[in-house]
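The structure under discussion appears below in the form of structure tokens.
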Amino acid sequence: RLWYVHSGTDLLRLDGHTVSLTACAFSPNGQLVLTAAWDNSARLWDTHSGIELRRFDGHTGPLSACAFSPGGQHVLTAADDRSARLWDLRSGTELRRFDGHTSPLTACAFSPDGLLVLTAADDSSARLWDAHTGTELRRSYQSDDGWLSLDVASGRWLGEGSATEAIRYVDLADCDPVSGQPRDDA
């Protein structure tokens, strides 16, 4: 459902997923909303009419997170199948798959310029990827527990929220690109 923030008025009911929703994200212009659910799909909705515009299928496990690219042309989904996927918003085509985590993904995000993708998982790692090539650029194992949320600022700072009730920021420039551990010279 969509509600008007100021009054709490119920604006729209978005019917389509067959099980519980796990995440949602608004497009940069606010005209679209992306939902992710345990039915292994993400769906794109018009925020004015409530009409389902597109369905993104391909994951083999429940979805845990979703995000819009800053330009609004792509969406990112993360799932229990240990992958994140980049989709073309207009066609619904899967453009890229980000594999490497060893446990279910819990979060995903784009960098502010849209050139980087960030994923996090229950394996206590966060990974930074080149959005265009799918190449893993950096890895961080800074979390003591599974990551619940994350964000990237300026393509350099990783913000983490974990199940240990901690919020941390990691300067990715100070992490070894392969191990993800802080470098000795940092």
Side-chain angles (χ1 to χ4, degrees), residues 1-5 8-123 126-136 146-152 161:
R1 293 182 184 222
L2 292 179
W3 291 274
Y4 185 63
V5 174
T9 304
D10 192 350
L11 298 174
L12 289 172
R13 182 179 172 98
L14 307 174
D15 290 319
H17 287 288
T18 57
V19 292
S20 298
L21 295 180
T22 55
C24 67
F26 282 93
S27 63
N29 65 9
Q31 294 180 8
L32 304 170
V33 66
L34 182 67
T35 55
W38 286 354
D39 62 6
N40 302 0
S41 74
R43 297 177 190 230
L44 183 68
W45 310 86
D46 180 285
T47 58
H48 300 291
S49 67
I51 294 173
E52 182 181 324
L53 303 173
R54 183 154 334 292
R55 182 176 167 149
F56 301 92
D57 288 310
H59 284 285
T60 59
L63 274 64
S64 54
C66 60
F68 273 93
S69 65
Q73 296 122 347
H74 301 102
V75 295
L76 183 65
T77 55
D80 283 4
D81 64 6
R82 301 184 308 245
S83 75
R85 298 175 192 224
L86 180 68
W87 308 85
D88 180 78
L89 184 69
R90 288 198 179 121
S91 69
T93 304
E94 181 182 318
L95 301 174
R96 199 149 293 95
R97 185 174 166 156
F98 304 93
D99 289 310
H101 287 282
T102 58
S103 65
L105 273 66
T106 56
C108 64
F110 283 95
S111 62
D113 59 10
L115 298 177
L116 304 172
V117 164
L118 186 64
T119 58
D122 281 336
D123 63 9
R127 297 171 190 238
L128 192 65
W129 311 83
D130 182 301
H132 181 68
T133 66
T135 303
E136 182 180 330
W147 299 65
L148 297 178
S149 63
L150 48 80
D151 202 359
V152 177

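None of the values given here were measured: they were computed from a predicted structure.
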Of all heavy-atom pairs between Pro62 and Asn40, which one has the smallest distance, and what is that distance? N-OD1, 3.0 Å
Can you check whether Ser103's main-chain N or O pairs, donor with acceptor, with Asp122's side chain at less than 3.5 Å? no
State whether the number of non-hydrogen atoms from other residues, nucleotides or ligands found under 6.0 Å of Arg85 atom CZ is greater than 12. yes
Look up atom CD in Glu136 and atom CG in Asp99, then write down how far apart they are to the nearest 0.5 Å. 10.5 Å
Reference residue Trp129; test side-chain contact (heavy atoms from CB on, under 4.5 Å); the match among Leu76, Thr135, Val117: Val117
Which atom names give the shortest non-hydrogen contact between Leu44 and Phe56, and what distance separates them? CB-CE1, 4.0 Å
Measure across Ala131 and Gly114 and return the closest heavy-atom pair with its distance rounded to 0.1 Å. CB-O, 3.7 Å
Let me confirm one number: the CG-NE2 distance from Leu95 to His132, rounded to the nearest 0.5 Å. 10.5 Å
Can you see which heavy atom on Ala65 is nearest to which on Ala107, and at what distance? CB-CA, 3.8 Å
Among Glu94, Arg54, His74, which residue meets the side-chain contact (heavy atoms from CB on, under 4.5 Å) test with Trp87? Glu94
Quick check for you: to the nearest 0.5 Å, what is the distance between Thr93 atom OG1 and Asp88 atom CG? 6.0 Å
Would you name the heavy atoms of Thr77 and Cys108 that are closest together and state the gap between them? C-SG, 4.3 Å
Hey, are the side chains of Leu86 and Phe110 touching, using non-hydrogen atoms and a 4.5 Å cut-off? yes
Enter the distance from Leu105:CG to Asp81:CG here, rounded to the nearest 0.5 Å. 8.0 Å
Would you compute the distance between atom CG of Leu53 and atom CD of Gln31 and round it to the nearest 0.5 angstrom? 11.0 Å
State, to 0.1 Å, how close Ser111 and Pro70 come at their nearest heavy-atom pair, and which atoms those are. O-CG, 3.3 Å
Between the main-chain N or O of Gly30 and the side-chain N or O of Thr47, is there a donor-acceptor pair closer than 3.5 Å? yes
With a 3.5 Å distance limit and no angle check, can you tell me whether Asp123 reaches the backbone of Thr102 through a side-chain donor-acceptor pair? yes
For the atom pair OG (Ser27) and CG (Leu34), what is the distance rounded to the nearest 0.5 Å? 9.5 Å
